Amino acid sequence: MISQQEVVRPFPALTTAQRYHLDVFGYVVIPNLLTPDEVGRMKEALYKLRAELQALPDPKTQNVRGAFLMINESHHAYMGAIAPALPALSEYATHPRVVGASEELLGGRARIVEVNAHINTKAPSWNMGDDGQPRFGFHRGLASGYGMHTKNGLYHSNFVKVLTNLTDLGPDDGGTTVIAGSHKIEADDADIIKAAYEDRSLIHQVVVPAGSGLLFTEALMHATGRITSDKERVIIISGYGEPYFPWILMDSHQPGYVLDPKFIATIPEPLRYLFVSKGYIQRAAQYRKLGDPVDPREITPIRW
Ligand SMILES: O=C(O)CCC(=O)C(=O)O
């Protein structure tokens, strides 16, 4: 069981239908994961952080309270390690509904391993196939069959993400694309991508209102979607692993980065376990059955 000294989060976090969808396709969209107020505060924080980062003399090698720019182009800012930079961003990664969703797929206690965000608009050019259809940068952080197990017939993964769109995503607004069911296919990635381009119904795209969360296992092949509208897309992503996972540094030009002890000192005690590992075997395994009802509690997040 998960200790009561830790922040309360919903379990099960998904309805039976959402859990079924997650198992079949490797992802599920959770509507209203964030409230409109949370969406507004987190979006404002991302704009503030982008401005601070872009004002640095050398944004490629310098950071703002640990956060740094991985892509800095006029149509695309990709910010990494953002959780410690501003309270609203720490709030995202530790939000009970976000963490609860990740823990359901992990099958136990989560640890934050990365927190990133994209602010992007239509790209000046896009890779198109010979068939005239767009290509995507499909990738995954786990090989299929690795880091997974089943319990009560349900799929669990030791590296999962919750990606929440802070702007509405219509069909032309670049919602994340995934290759449905690829988390279970132990074939070459290139062959899976080939299959998806041959039959585009295998490629699912997120088309949802702001505040919706995409929960997926990193064994699922996924990619940024193509924006063809004039709208800006803002998304925030947190990655969770088993408690013994490290905080992942996603950029080699900032070697040796670790969480700042000054930031660690500000973490509210019930959220500490999400950032700071207590040891190796701290999974606190927790499993549902498919038919178990979703936890109905409204849990108030801790404000930073
Ligand atoms: O930009 C997106 O929609 C997908 C982000 C992504 O590929 C990732 O988090 O690995």
Side-chain angles (χ1 to χ4, degrees), residues 25-30 33-34 39 42-43 46 50 67-73 75-83 89 92-93 98 101-102 105-106 110 112-123 126-127 134-144 146-147 157-180 182-183 189 192-193 196 203-229 231-241 245 247-252:
F25 295 117
Y27 79 93
V28 67
V29 172
I30 309 168
L33 192 64
L34 300 181
V39 167
M42 288 167 195
K43 198 158 66 161
L46 289 178
R50 180 180 61 174
F68 56 94
L69 271 170
M70 293 185 277
I71 295 176
N72 184 23
E73 293 180 19
H75 71 283
H76 192 178
Y78 180 20
M79 299 175 269
I82 61 174
L89 307 179
Y92 176 72
V98 177
S102 79
L105 181 50
L106 285 157
I112 298 165
V113 293
E114 58 175 271
V115 188
N116 313 308
H118 294 267
I119 303 178
N120 61 320
T121 51
K122 186 161 47 184
W126 194 270
N127 183 17
R135 297 294 195 240
F136 301 100
F138 284 118
H139 59 280
R140 54 179 166 190
L142 273 180
S144 180
Y146 179 77
S157 169
N158 71 2
F159 184 18
V160 311
K161 279 197 181 149
V162 185
L163 186 159
T164 301
N165 51 299
L166 304 180
T167 47
D168 292 333
L169 291 174
D172 302 326
D173 301 334
T176 306
T177 52
V178 304
I179 304 181
S182 53
H183 63 306
D189 290 1
I192 296 173
I193 295 168
I203 303 177
H204 295 190
Q205 183 177 10
V206 174
V207 176
V208 285
S212 311
L214 171 70
L215 167 67
F216 61 102
T217 160
E218 264 291 336
L220 182 76
M221 304 215 62
H222 58 282
T224 304
R226 180 188 181 211
I227 301 179
T228 53
S229 71
K231 292 204 202 132
E232 179 181 74
R233 184 183 81 129
V234 182
I235 62 168
I236 183 164
I237 306 166
S238 43
Y240 302 89
F245 271 35
W247 172 269
I248 295 174
L249 177 66
M250 286 191 50
D251 200 356
S252 57

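Atoms within a ligand are numbered from 1 in the order they appear, just like the ligands themselves. Heads up: numbering here begins at 1 and tracks the sequence. Only a predicted model underlies this, so the values are computations on that prediction, with no experimental measurement involved.
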Check each atom of ligand 1 against the heavy atoms of [X] and keep those under 4.0 Å away; list them by number with element.
{"X": "Arg233", "value": "1 (O), 2 (C), 3 (O)"}
{"X": "Lys161", "value": "8 (C), 9 (O), 10 (O)"}
{"X": "Ile237", "value": "5 (C), 9 (O)"}
{"X": "His118", "value": "1 (O), 5 (C)"}

Give the residue, atom name and distance (to 0.1 Å) of the protein heavy atom nearest [atom].
{"atom": "atom 8 (C) of ligand 1", "value": "His222 NE2, 3.6 Å"}
{"atom": "atom 4 (C) of ligand 1", "value": "Thr224 OG1, 3.8 Å"}
{"atom": "atom 3 (O) of ligand 1", "value": "Thr176 OG1, 2.6 Å"}

Using 30° and 60° as the class boundaries, would you call the ring planes of Phe25 and Tyr27 parallel, tilted or perpendicular?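 Judged by the thresholds at 30° and 60°, the geometry between Phe25 and Tyr27 is tilted.
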
For Phe216, which of His183, His222, His204 qualifies under ring pair (Phe, Tyr, Trp, His ring centres under 6.0 Å)?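 Checked His183, His222, His204 against Phe216; only one passes ring pair (Phe, Tyr, Trp, His ring centres under 6.0 Å): His222.
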
Please assess Thr176 against Asn165 for the test side-chain contact (heavy atoms from CB on, under 4.5 Å), listing each intermediate value before the final yes or no. CA-CA 9 Å; Thr176 306; Asn165 51 299; over 6 Å; no

How does Ile235 reach ligand 1, by side chain, by backbone, by both or by neither, if only non-hydrogen atoms under 4.0 Å count?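 The part of Ile235 near ligand 1 is the side chain, not the backbone.
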
Can you check whether Leu214 reaches Val29 side chain to side chain, under 4.5 Å on heavy atoms?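 Of all side-chain heavy-atom pairs linking Val29 with Leu214, at least one is under 4.5 Å.
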
